[in-house]
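Report on one structure; see the data block that follows.
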Amino acid sequence: MAFSDSDHEETKGTTKMMAGLIIATAILVVVGVLVITYYIRRSHRNIEARENGSSDERQIEDVELPSFELDLISNATSNFSSNNKLGEGGFGPVYKGTLPDGKEIAVKRLSRSSGQGIAEFRNEVALIAKLQHRNLVKLLGCCIQGEEKMLIYEYMPNKSLDFFIFDHTRRNLLDWPRRFHIICGIARGLVYLHQDSRLRIIHRDLKASNVLLDSEMNPKISDFGMARTFGGEQFEGNTNRVVGTYGYMAPEYAIDGQFSIKSDVFSFGILLLEIISGKKNKGFYHLNNSLNLIGHAWRLWKEGNLSELIDSFVQDSCTLSEVLRCIHISLLCVQQHPKDRPNMSSVVLMLVSETAMVNPKEPGFLVDKKSLEASSSSKPESSSTNELSLSVLEPR
Ligand SMILES: *[C@@H]1O[C@H](CO)[C@@H](O)[C@H](O)[C@H]1NC(C)=O
Ligand SMILES: *[C@@H]1O[C@H](CO)[C@@H](O)[C@H](O)[C@H]1NC(C)=O
Ligand SMILES: *[C@@H]1O[C@H](CO)[C@@H](O)[C@H](O)[C@H]1NC(C)=O
Ligand SMILES: *[C@@H]1O[C@H](CO)[C@@H](O)[C@H](O)[C@H]1NC(C)=O
Ligand SMILES: *[C@@H]1O[C@H](CO)[C@@H](O)[C@H](O)[C@H]1NC(C)=O
Ligand SMILES: *[C@@H]1O[C@H](CO)[C@@H](O)[C@H](O)[C@H]1NC(C)=O
Ligand SMILES: *[C@@H]1O[C@H](CO)[C@@H](O)[C@H](O)[C@H]1NC(C)=O
C-alpha cells in the first residue's frame, strides 16, 4: 500500500513537473510569438509610414519648441479681452498680445474639439515650427495647459490681404506692383509648402484672409499645417472632414472630399482672380448673369475682353501684359480637372518669365451653387439655354 502510494505520489510529482514544464514552455512560446509579431507589425508600419512619406519625421525626439506659460500669455493679451481680439480663424479666435519685453505676438487659441494627445500635439507643432520661409508666418511656440492649447505667432501689423483688396478706400494702397509682389510671394510660399519643406504640406484653406501682411507689405501665409494637425494625416486622399472655405475650394474637394496639392492650386487661382479684380469670388454679383467670378472671367476670356476684369484702381499703375498673364495663369489654376492644373513651381515660373502658356480648359464651379439650385428648381428649362457646362455639379 505504502509503496504503491509513494510510487503513485512520485508519478504524480513527475506528472506535475511535466505539466509545469509544458505550461512554462507554452507561455514562453506564446510570449515569444507575441513579441515577434509586435516587432514585425511595428517595422511593417514604419516601412508603410516611410513609404507614405510621413512619419519618420515624427520620431524626432529632441524637439526644442519654445513653450509659453499660460500666465504670461493671458497677461500679454489682457486676459484674452475682446479688445485684443484680431479675428476668428477656422480653428479658434486670434488675439494680439504684448510680451513684457515689448515684443508683439499673435495668439491663436485653439478650440477644444481636437481629440489629440498633448505629446502628439506638441510634436506636430514642433515640426510646423521648423517650416521657415519668408512668405510663411513664423510660429514662435505654443502654450499648453490643461485643456488650453495655443499657438504663438509673430504679429503682423498690416492685417490680412482681404482687409485691403476688398475695401473701397484701402484698395488704393495696393497698386499693381505691390499686388504683383504679393502674388509672387504667395506662390513662393506655396512652392515651399508643397515641395521644398520636409513635410509636404497641403494648406487646404488658402484665402485672402489667410494671407497676412508684414510692415513692408510682404505677404505671409498663415494657418499652414493646421489641416495636417487637425484634419487628418494624409497627403493626398479622401477625407470626411472638409476643412476649407466655400468660394475657394476646388470642386473635387468640396464635393468628394478629395484633396491634393492641386486643390491648393485651385484656391490660389481664385485668390489671384480676386487680387486682380478686387472682387470676392464668393458673393460675386454681376448684373447680367448668375456667374461667379470664375465664370465671369471665363466668359471674358472667351470674348477676348479680359481687361474688363481688372480692378479699376490698378488700371493706371499696371503693365497690361503682366496683368493679362496673371489672369491667364489664374484660369489655368482653376481648371476643372486637377491634372490639368499646373503645379506651384510651374506657376512661379510662368509669373516671373515669359514662358509660353497653354490655353486653359473650362474651369470648375462656373456657376454659384445657390443660383444653380434656384434655376434648377424654379425654371429648369432655362438651364438648357445656358451654354456653360454644369457637369461638375451634376450628381453622379
Ligand atoms: C499608408 O498608405 C496606405 C494606403 O495608401 C494606407 O493603407 C496605410 O494605412 C498608410 N499607413 C500609414 C501609417 O499612414
Ligand atoms: C501680469 O501683469 C501684472 C500687471 O501688469 C503684473 O503685476 C504681473 O506680474 C504679471 N504677471 C505675469 C505672470 O507676467
Ligand atoms: C484674468 O481672469 C482671471 C479669472 O478669469 C482673474 O482671476 C484675473 O484677475 C484676471 N486678470 C486680469 C489682469 O484681468
Ligand atoms: C504697414 O505697417 C507699417 C508698420 O506698422 C506702417 O508703417 C505702414 O503704414 C503700414 N502700411 C499700410 C499700407 O498700411
Ligand atoms: C450680357 O450678356 C450678353 C450675352 O448673354 C452680352 O452680349 C452682353 O454684352 C452682356 N451685358 C453686359 C452689360 O455685360
Ligand atoms: C469689352 O468690355 C468693354 C467694357 O465693358 C466694352 O465696352 C467692350 O465692348 C467689350 N469688348 C468686347 C469685344 O466684348
Ligand atoms: C511641375 O510641373 C512641371 C511641368 O509639368 C514638371 O516638369 C515638374 O516636374 C513638376 N514639379 C513637381 C515638383 O512636381
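Just follow the structure's listing: the first ligand is 1, and inside any ligand the first atom is 1.
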Q.
Assess the residue pair E88 and V94 against the criterion (side-chain contact (heavy atoms from CB on, under 4.5 Å)); give the C-alpha distance rounded to whole Å, side-chain angles, the decisive distance to 0.1 Å, and a yes or no.
A. CA-CA 6 Å; E88 184 87 40; V94 185; over 6 Å; no
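A donor-acceptor pair shorter than 3.5 Å cannot be found between the side chains of W176 and Q315. If you check the side chains of D264 and S267, you find no donor sitting under 3.5 Å from an acceptor. At a cut-off of 3.5 Å, with distance as the only test, no side-chain donor of S81 or N83 sits close to an acceptor on the other residue.
Scanning the protein heavy atoms around atom 9 (O) of ligand 4, the nearest turns out to be N158 OD1, 5.0 Å. Protein heavy atom closest to atom 1 (C) of ligand 7, with residue, atom name and distance, is N343 ND2, 1.5 Å. Ranking protein heavy atoms by distance to atom 5 (O) of ligand 4, first place goes to P157 CB, 3.6 Å.
At a distance under 4.0 Å, a protein heavy atom can be found next to atom 11 (N) of ligand 4. In this structure, atom 7 (O) of ligand 7 has its sub-4.0 angstrom surroundings free of protein heavy atoms.
You'll find the side chain of L213 stays beyond 4.5 Å of the side chain of K159, heavy atoms only.
Residues in residues 325-363 take part in these ring pair (Phe, Tyr, Trp, His ring centres under 6.0 Å) pairs, two or more places apart or across chains: W301-H328.
Within ligand 4, counting atoms from 1 as listed, the ones closer than 4.0 Å to a heavy atom of S215 are 1 (C), 2 (O), 3 (C), 4 (C). If you number the atoms of ligand 7 from 1 as listed, the ones under 4.0 Å from a heavy atom of S346 come out as 1 (C), 2 (O), 3 (C), 4 (C).
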